[in-house]
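Quick caveat: nothing in here was measured; it's all calculated off a predicted structure.
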Amino acid sequence: MGAFTSAGTSASPHASAARHTVLLKGMTFQPPTVNANVGDTLKSINADGVDHEMFVPTKGFGADLGMQKPATVSELKLAKQGTFEVECV
């Protein structure tokens, strides 16, 4: 099981949304922490040879990213400010 946190902050109205790539490799997230803004997208790439079920258990941020097969990509757009955890099983 792995986890990371992302601190979402309000983006400037003139700032463009960014994409942050996180690799799931060796049952850990790389990098383990991402600082992003509301409107940014977290892009998760399964770099392991096994399936992973990814989800956000943090109250108020709950999301199920579903089963991610090896070498596939899942995306999560940050819709609100705060810190949350992403886990996989």
Side-chain angles (χ1 to χ4, degrees):
M1 180 192 309
F4 73 93
T5 59
S6 174
T9 59
S10 297
S12 155
H14 303 292
S16 61
R19 296 174 67 86
H20 305 274
T21 300
V22 177
L23 291 179
L24 178 55
K25 186 173 184 179
M27 297 300 292
T28 63
F29 290 102
Q30 299 172 13
T33 301
V34 175
N35 293 310
N37 295 309
V38 172
D40 288 358
T41 300
L42 297 178
K43 177 179 159 185
S44 167
I45 301 173
N46 183 351
D48 271 341
V50 297
D51 296 352
H52 290 285
E53 178 78 24
M54 296 180 56
F55 60 97
V56 177
T58 307
K59 186 176 179 176
F61 291 89
D64 184 354
L65 301 173
M67 187 63 66
Q68 191 173 357
K69 300 278 186 193
T72 61
V73 175
S74 292
E75 293 188 349
L76 176 65
K77 185 165 182 154
L78 300 179
K80 66 188 213 180
Q81 184 174 351
T83 300
F84 63 92
E85 181 177 80
V86 177
E87 295 183 6
C88 72
V89 290

Go through L78 and K80 one step at a time and tell me if the side chain to side chain contact (heavy atoms under 4.5 Å, CB included) criterion holds.
CA-CA 6 Å; L78 300 179; K80 66 188 213 180; over 6 Å; no

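Residues E85 and T58 approach most closely at N-OG1, 2.9 Å, considering heavy atoms. Heavy-atom minimum distance, H20 versus A36: NE2-CB, 3.5 Å. For the pair G39 and A17, the tightest heavy-atom approach, listed with the atom from each and the gap, is O-CB, 3.2 Å.
For the atom pair D48 CG and K25 NZ, the distance stands at 8.5 Å (nearest 0.5 Å). Here the SG-CE distance, from C88 to M67, works out to 10.5 Å after rounding to the nearest 0.5 Å. Atom-to-atom distance recorded for S74:OG and H52:NE2 is 11.0 Å, nearest 0.5 angstrom. Atom CD of E87 is separated from atom CZ of F29 by 8.0 Å, given to the nearest 0.5 angstrom.
Between V34 and L42 the shortest side-chain heavy-atom distance falls below 4.5 Å. Side-chain contact between F61 and T83: absent, with no pair of heavy atoms (C-beta onward) separated by less than 4.5 Å.
Between the side chain of Q68 and the main chain of S44, a donor-acceptor pair closer than 3.5 Å is present.
Listed by chain and residue number, nothing satisfies the side-chain hydrogen bond (donor to acceptor under 3.5 Å, both in side chains) test with N46 (two or more places apart in sequence, or in another chain). By the side-chain contact (heavy atoms from CB on, under 4.5 Å) test, T41 is found to be paired with R19, E75, K77, residues two or more places apart in sequence or in another chain being considered. Scanning for side-chain contact (heavy atoms from CB on, under 4.5 Å) contacts around K59 gives an empty result, with sequence neighbours left out.
V73 forms part of a hydrophobic cluster together with L23, I45, judged by ILVMFWY side-chain heavy-atom separations under 4.5 Å.
Among pairs with a residue in residues 60-72, those fulfilling salt bridge (Lys or Arg N to Asp or Glu O under 4.0 Å) read D51-K69, at least two apart in sequence or across chains.
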